[in-house]
Amino acid sequence: MIIRDTFGFRPKRTLKYSTKGGSAISEPLKRITIFAGHNGSGKTQLTVNRSLYWKQQLSAPVVACDMDTVKPYFRGKDAEPVLVSAGVQFIAPQLANSNVDLPTVPPEIRLIFDQPEVHAFLDVGGDTEGAVALGQFSRELKDIGYDMLLVVNQRRYLTREPDEVLELMRDIETVARLPFTGIVNNTNLGDETTAAVIADSQPFIRELSRLSGLPVVATACREDITLPDGTYDGELWPVHVYRKTEWAIYDDQ
């Protein structure tokens with residue numbers, strides 16, 4: 001069975017759910033991983049965390065690229081001291097963190113295409129506006145191979161129904177000229193997040209997976225929260241929630 005979408009035919013993947021969570025869906029890391037989704041879904045925190053994680057696992061260079069030109073609440077540029085301290089190269093628009101926002105992409109991003117040994121993690125700005133910058137690289141990304149992961153926080157006010165998320169997903173794909181390859185469940189309520197909050201989102205995420213034909217690649221969870229077996233799908237990604245006060249520590253070193 002196949003699903004037709006904006007990009008022609010997309011093979012429908014067999015949706016796998018782990019009854020224990022963890023490594024039921026563990027695919028080789030693509031050279032370029034893109035995090036996209038609604039504003040405030042947690043794309044930047046995931047970009048920072050996964051860049052740091054893979055820097056520890058790989059001998060190859062790791063690059064984190066902030067392509068967010070939409071001015072979100074938390075910017076990848078804020079994390080630069082932490083990333084650089086760990087040996088992750090950081091690329092961001094020169095105007096990031098200023099009060100001027102132009103939809104420009106830094107020329108340094110060329111290195112992720114021109115240097116085949118590099119593994120890159122891209123933080124794409126929220127909604128369709130942030131995906132515009134990504135579209136100009138769609139052909140190269142398709143040639144190289146990529147994963148574009150839809151980051152979903154069910155508790156965000158505009159993504160509380162699977163149909164709402166699906167509509168946003170299709171809009172991003174159209175603007176970026178790239179199909180998504182998987183879903184990351186990043187449901188949280190900030191400091192008020194509990195294991196129950198994440199577990200309660202599982203039916204929602206599974207329905208979104210069914211509607212979209214995309215597998216649930218991972219469930220992200222604050223590192224101090226323990227999720228019981230059977231309450232999440234895909235790999236479990238522990239997340240350290242970086243806050244701006246932590247950047248000062250690295251700036252002073």
Side-chain angles (χ1 to χ4, degrees), residues 1-16 23-37 43-44 46-68 76 83 88-92 105-125 128 130-152 169-186 209 212-220 233-235 237:
M1 180 178 180
I2 49 182
I3 293 177
R4 182 183 292 275
D5 65 9
T6 309
F7 308 93
F9 286 99
R10 186 212 315 261
K12 182 177 178 63
R13 299 191 185 189
T14 300
L15 304 181
K16 301 178 182 178
S23 59
I25 307 173
S26 183
E27 300 179 356
L29 176 70
K30 298 288 179 61
R31 200 163 73 72
I32 297 176
T33 301
I34 304 161
F35 293 104
K43 302 178 298 294
T44 300
L46 289 178
T47 300
V48 172
N49 274 267
R50 299 313 288 174
S51 297
L52 294 171
Y53 169 81
W54 281 108
K55 181 59 182 175
Q56 295 178 335
Q57 307 300 316
L58 300 171
S59 57
V62 173
V63 174
C65 183
D66 181 2
M67 297 184 69
D68 201 330
L83 292 165
V88 175
Q89 183 172 349
F90 182 73
I91 299 174
V105 177
E108 293 85 359
I109 196 175
R110 287 298 327 164
L111 75 86
I112 73 175
F113 302 109
D114 299 338
Q115 299 183 21
E117 71 277 11
V118 168
H119 282 76
F121 296 85
L122 278 58
D123 175 13
V124 175
T128 55
V132 170
L134 189 63
Q136 63 187 290
F137 302 108
S138 60
R139 180 170 297 180
E140 289 176 285
L141 287 164
K142 290 175 183 176
D143 290 342
I144 292 172
Y146 70 94
D147 270 321
M148 186 159 80
L149 303 180
L150 178 65
V151 182
V152 180
M169 169 188 150
R170 296 305 189 198
D171 288 344
I172 292 175
E173 287 184 323
T174 299
V175 174
R177 295 181 292 205
L178 293 167
F180 281 96
T181 61
I183 297 169
V184 177
N185 181 5
N186 192 40
S209 176
S212 66
L214 295 174
V216 182
V217 173
T219 298
D233 294 317
E235 297 180 344
W237 288 357

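Sequential numbering from 1 along the given sequence is applied to the chain's residues. As a basis for the values below, the full set of heavy atoms in this structure was taken, side chains included, without hydrogen atoms, waters or symmetry mates.
- Classification of the F113-F137 ring pair by plane angle, with boundaries at 30° and 60°, yields parallel.
- The two residues G182 and L214 come nearest to each other via the heavy atoms N-CD2, 4.0 Å.
- For the atom pair I34 CD1 and D123 CG, the distance stands at 11.0 Å (nearest 0.5 Å).
- By the side chain to side chain contact (heavy atoms under 4.5 Å, CB included) test, L111 pairs with V63, Q89, I91, Q115, V118, sequence neighbours left out.
- A distance of 5.5 Å separates OG in S138 from CG in L178, rounded to the nearest 0.5 Å.
- Remark: side-chain polar atoms of E173 are paired, donor with acceptor, to backbone N or O of F180 under 3.5 angstrom.
- Rounding to the nearest 0.5 angstrom, the gap separating the CG atom in N49 from the CZ atom in F121 is 11.0 Å.
- Atoms CG and CD1, from L134 and I172 in turn, are 10.0 Å apart once rounded to the nearest 0.5 Å.
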Go through Q57 and L29 one step at a time and tell me if the side-chain contact (heavy atoms from CB on, under 4.5 Å) criterion holds.
CA-CA 11 Å; Q57 307 300 316; L29 176 70; over 6 Å; no
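- Side chain of T181 to main chain of M148: a donor-acceptor pair is present (N/O by atom type, distance under 3.5 Å, no hydrogens or angles).
- For L83 against A64, the heavy-atom pair with the smallest separation is CD1-CB, 4.0 Å.
- Taking all atoms of both residues into account, the shortest heavy-atom contact from S209 to V216 is CB-CG2, 3.9 Å.
- By the side chain to side chain donor-acceptor pair (under 3.5 Å) test, R110 pairs with D114, E140, sequence neighbours left out.
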Give the intermediate values and the outcome of side-chain contact (heavy atoms from CB on, under 4.5 Å) for residues D233 and N185.
CA-CA 8 Å; D233 294 317; N185 181 5; over 6 Å; no
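- Counting heavy atoms from C-beta on, the side chains of I32 and L141 come closer than 4.5 Å.
- Considering OG1 of T47 and CZ of R50, their distance stands at 11.0 Å, rounded to 0.5 Å.
- With sequence neighbours left out, W54 forms a side chain to side chain donor-acceptor pair (under 3.5 Å) with no residue at all.
- Closest approach of V88 to K55, counting heavy atoms only: CG2-CB, 3.8 Å.
- In this structure, the separation between CG on D147 and NZ on K30 is 4.0 Å, given to the nearest 0.5 Å.
- L149 is not listed as a side-chain neighbour of L46, based on a closest heavy-atom distance of 4.5 Å or more.
- When all heavy atoms are compared, the tightest approach of L150 to G37 is CD1-CA, 4.2 Å.
- When side chains are defined from C-beta on, I112 does not count as touching C65, because their heavy atoms never get closer than 4.5 Å.
- Residues P61 and E117 come closest through the heavy atom pair CD-O, 3.6 Å.
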